[in-house]
K.L.:
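Can you read through this structure? Questions will come right after.
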Number of protein chains: 2
Amino acid sequence: MTLTAKGLATRQRIVDAAARLIQDNGAADTSLDDVRAATATSKSQLFHYFPDGRADLLLAVAEHEAAQVLAAQQPWLDDLTTAVSWEKWRGAVMRHYVELGDRCPLGVLTAELGKTSPETREVVSTLYDTWESALARGTQAMGIERPLEVARSILVAIQGGVVMLRATGRVAYLETGLDLALTPLRKPE
Amino acid sequence: MTLTAKGLATRQRIVDAAARLIQDNGAADTSLDDVRAATATSKSQLFHYFPDGRADLLLAVAEHEAAQVLAAQQPWLDDLTTAVSWEKWRGAVMRHYVELGDRCPLGVLTAELGKTSPETREVVSTLYDTWESALARGTQAMGIERPLEVARSILVAIQGGVVMLRATGRVAYLETGLDLALTPLRKPE
DNA sequence: CCCTCGTTGGACGGCCTGGTCCAAACGGCG
DNA sequence: CGCCGTTTGGACCAGGCCGTCCAACGAGGG
């Protein structure tokens, strides 16, 4: 299957709309017909660009969301070398998730798409890995003890805070969780 | 609607089976017919014991799972007064979730059931509240700084670790997250 | 200019789903 | 023993869903 520029654009439009619908209504309540209606496309186009149908589309959405998660942290994520840059990154993360509320890609990814297929599971795992690596580069640059564990615990705090934000609408979990997870980086060495 | 002992038993059987099915296949992939088949009941029984149908059943399952989460931590949760008792509790929590893997009630609750209705959302919120209160009693008894924040961050670490366990099958997130979240309780005061 | 291949339209079928409904079986209590 | 409400069985319906299929459209290259 080769795609022209026009085809690629259509495909992207479908993925975007599907992602939005899933954020709003959940993956279970998002039918191919909903996507079709939201994008003003036809059934045949959905299966033309996503031959395996629904599963294919969900996978594409998962990859799209995973990319969003990392993109939202750029360029701060790549320069976590000082206490100040860590705080800036933290500010960016908080701002991002407070703004998105329960529509955040990360929450959608883990809660809605994570278990739909082995492929999406893989997407989530890879996201965690690259994210954790980036954080670990930062903690190592800071010269603290147990940098790998600290990086991992920060990731866990974010994921926990986000999923709890999704479930309750309260932002306090993410706020406190991330705050305390970052304490090792604030200590005088 | 009044229920006899037999009726209550049947109802409970339905809830148990539904919970199990949802743990294994997800809420979206669990139909009333599946539940019916797994419990050797008839359609009319489902709607007899859960008049609002699917929504009612899911709510009952959510409450069931929420109770499970707290029950699994008893009696350790009510006696977090020393560093030793905290470690015992931690051991119990880890054992529990490692054993259950991705079938843990907490993960199911937040990922599958949390957003199905305002009522289930409420169940999740209340679970968080009572759980956090219990942890806060412990942190306060330990006389550490910022006990409320520490209690909350512990909760966030568990929730994050569990959801990541569900998504990836890896237990390391829960392990490290919970470990580091507990550091404030290990410091000499 | 036309031929080819990507693109689009939309009807159609078969399946499964949640939910309704009526009637039979059961069991305790007077 | 006979009544009555709970419990149970299962047929049935309407709607929505995914996926298939065939035919028309359009643009770009030869």
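Since we're looking at a predicted model, the values are computed, not measured.
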K.L.:
D:dT8 C1' sits how many Å from B:Arg36 CZ, rounded?
P.N.:
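It works out to 13 Å between those atoms.
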
K.L.:
Could you measure the distance from the CD atom of B:Glu119 to the CD atom of B:Glu63? Nearest 0.5 Å is fine.
P.N.:
9.5 Å

K.L.:
Please determine if a side-chain N or O atom of A:Thr2 lies less than 4.0 Å away from the OP1 or OP2 oxygen of C:dG6.
P.N.:
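Yes.
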
K.L.:
In whole Å, what is the span from the CG atom of A:Asp52 to the C1' atom of D:dC18?
P.N.:
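One finds 13 Å between C1' of D:dC18 and CG of A:Asp52, rounded.
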
K.L.:
Atom NE2 of A:His48 to atom C1' of D:dA24: distance rounded to whole Å?
P.N.:
15 Å

K.L.:
Using whole Å, report how far CG of B:Asp33 lies from C1' of D:dG9.
P.N.:
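Going from B:Asp33 (CG) to D:dG9 (C1'), I get 14 Å.
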
K.L.:
Checking only heavy atoms, does the side chain of A:Ser44 share a donor-acceptor pair with the base of C:dG9 at less than 3.5 Å?
P.N.:
yes

K.L.:
If you measure only the distance, is there a donor-acceptor pair under 3.5 Å linking the side chains of B:Gln159 and A:Tyr173?
P.N.:
no

K.L.:
Is there a donor in the side chain of A:Glu112 and an acceptor in the side chain of A:Gln23, or the other way round, less than 3.5 Å apart?
P.N.:
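A:Glu112 vs A:Gln23: no donor-acceptor pair found between side chains.
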
K.L.:
Side-chain N or O of A:Gln45 versus OP1/OP2 of C:dT8: is the shortest distance under 4.0 Å?
P.N.:
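Looking at the OP1 and OP2 atoms of C:dT8, one of them is under 4.0 Å from a side-chain N or O of A:Gln45.
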
K.L.:
Could you give the distance from CE (A:Met142) to CZ (A:Arg186), rounded to the nearest 0.5 Å?
P.N.:
10.0 Å

K.L.:
Tell me the interatomic distance from A:Asp29, atom CG, to C:dT17, atom P, rounded to whole angstroms.
P.N.:
15 Å

K.L.:
Are B:Asp33 and B:Ser31 linked by a side-chain donor-acceptor pair shorter than 3.5 Å?
P.N.:
no

K.L.:
Look at the side chain of A:Lys43 against the base of D:dG19 and say whether a donor-acceptor pair falls under 3.5 Å; ignore hydrogens and angles.
P.N.:
yes

K.L.:
Between atom CG in A:Leu46 and atom C1' in D:dC17, what is the gap in whole Å?
P.N.:
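These atoms are roughly 13 Å apart.
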
K.L.:
Would you kindly give the CZ-to-C1' distance between B:Arg54 and C:dC16, to the nearest whole Å?
P.N.:
12 Å

K.L.:
For D:dG5, does OP1 or OP2 lie under 4.0 Å from any side-chain N or O of B:Thr4?
P.N.:
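No.
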
K.L.:
Any side-chain N or O of A:Tyr49 below 4.0 angstrom from OP1/OP2 of C:dT8?
P.N.:
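Answer yes for this pair, as a side-chain N or O of A:Tyr49 is under 4.0 Å from OP1 or OP2.
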
K.L.:
Given atom CG of A:Leu32 and atom P of C:dC16, what is their separation to the nearest angstrom?
P.N.:
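Answer to the nearest Å: 17 Å.
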
